[in-house]
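One structure is given below, encoded as structure tokens.
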Amino acid sequence: MSTADTQWRTRLRVVLVGTTHPGNIGAAARAMKTMGLERLYLVSPERFPCAEATARAAGADDLLAAAVCCDSLAEAVSDCAWAVGTSARSRHIAWPTLDPEGCARQAIAGTADGEVALVFGRERSGLSNAELDLCQAVVHIPTNPAFSSLNLASAVQILAYELSRAGAREPVAPTVEEPAASVEEMERFYVHLEEALRSIGYLDPRAPKLLMRRMRRLYGRARPLESEVSILRGILSATLAQSSR
Ligand code: SAH
């Protein structure tokens, strides 16, 4: 691996949300290590640490030892400039959907702006809509439409492989002149936006979710810089001040 090829890797994390079977955590760590990925985040795993995870890691237990455990996905991705969720279902119309190659390209490019997260869901139920709301895009691995759910670690393996291929093709030297707003900053912006839209009577209080999801999609695509979010927040504060007069 060249220096440029290793730089993006230091900014990329794999996040496993609510994993039920510790064996899958170990197998995911093994899948990551084979592709040179190292940073594993675990959100409320059912059982961890666990001998079964270590056994299935088959030598990738250094990743397990260094894994960062969090209580929520918001905590695991708060400092990220870009997060992509994974889905076994192909039609999540509310989120821009990428294929594995496109996801890898965007993730690698995203490391130029800051930290990037690849988020995997629970074995049985995947990721909730509220969790996908924290992601700026969704990636679906094309499968047999009648049998679309891969084993968690298999999904990690495929996306990690695509990342390592894309990283070798188009290595990115991170050159952050001005950072993109983090997930945490964008969450604060959405709270502020919702408050302002309510106060001017634009948001239908009976169905706030639809509009807010569309707003997330719009701003997620734009990926504003920190300074741009400050301007937007300033506009919202001025709007709120006017509407309360
Ligand atoms: N019934 C769940 C299946 C979850 S499979 C659902 O419909 O979402 C467990 C996890 O493996 C998923 O949350 C996702 O992270 C990953 N996964 C499985 N199949 C996938 C696919 N075809 N594309 C992308 N990710 C997939």
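Atoms within a ligand are numbered from 1 in the order they appear, just like the ligands themselves.
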Just heavy atoms, cut-off under 4.0 Å: does [X] contact ligand 1 by side chain, backbone, both, or neither?
X      : answer
Asn151 : neither
Thr143 : side chain
Arg89  : side chain
Ala155 : side chain
Ser148 : backbone

Hydrophobic cluster membership, with links at side-chain heavy-atom distances under 4.5 Å among I/L/V/M/F/W/Y: are Leu240 and Tyr190 in one? no
Identify the closest protein heavy atom to [atom]: which residue and atom is it, and at what distance?
atom                    : value
atom 19 (N) of ligand 1 : Leu150 N, 2.9 Å
atom 23 (N) of ligand 1 : Ile141 N, 2.9 Å
atom 12 (C) of ligand 1 : Gly121 N, 3.9 Å
atom 20 (C) of ligand 1 : Ala88 CA, 3.6 Å
atom 9 (C) of ligand 1  : Arg122 O, 3.3 Å
atom 3 (C) of ligand 1  : Ser149 OG, 3.5 Å

Given 3.5 Å as the limit, does a donor-acceptor pair link the side chain of [X] with the main chain of [Y], or not?
X      : Y      : result
Ser72  : Cys70  : no
Arg47  : Pro22  : no
Gln242 : Thr239 : no
Arg13  : Tyr41  : no
Ser148 : Pro145 : no
Thr86  : Val119 : yes

Hey, looking at atom 21 (C) of ligand 1, which of Ser87, Gly85, Cys103 has the closest heavy atom? Ser87
Sequence neighbours excluded, the answer for side-chain hydrogen bond (donor to acceptor under 3.5 Å, both in side chains) partners of Arg122 is Glu131
Run the numbers for me: atoms of ligand 1, each under 4.0 Å from some heavy atom of [X], listed by number.
X      : answer
Val139 : 24 (C)
Arg124 : 1 (N), 2 (C)
His140 : 22 (N), 23 (N)
Phe120 : 15 (O)
Thr86  : 14 (C), 15 (O), 25 (N)

With a 4.5 Å cut-off on side-chain heavy atoms, are Thr19 and Phe48 touching? no
When you look at CZ of Arg233, are more than 12 heavy atoms from neighbouring residues, nucleotides or ligands closer to it than 6.0 Å? yes
Does the side chain of Gln157 pick up a donor-acceptor pair with the side chain of Thr34 at under 3.5 Å? yes
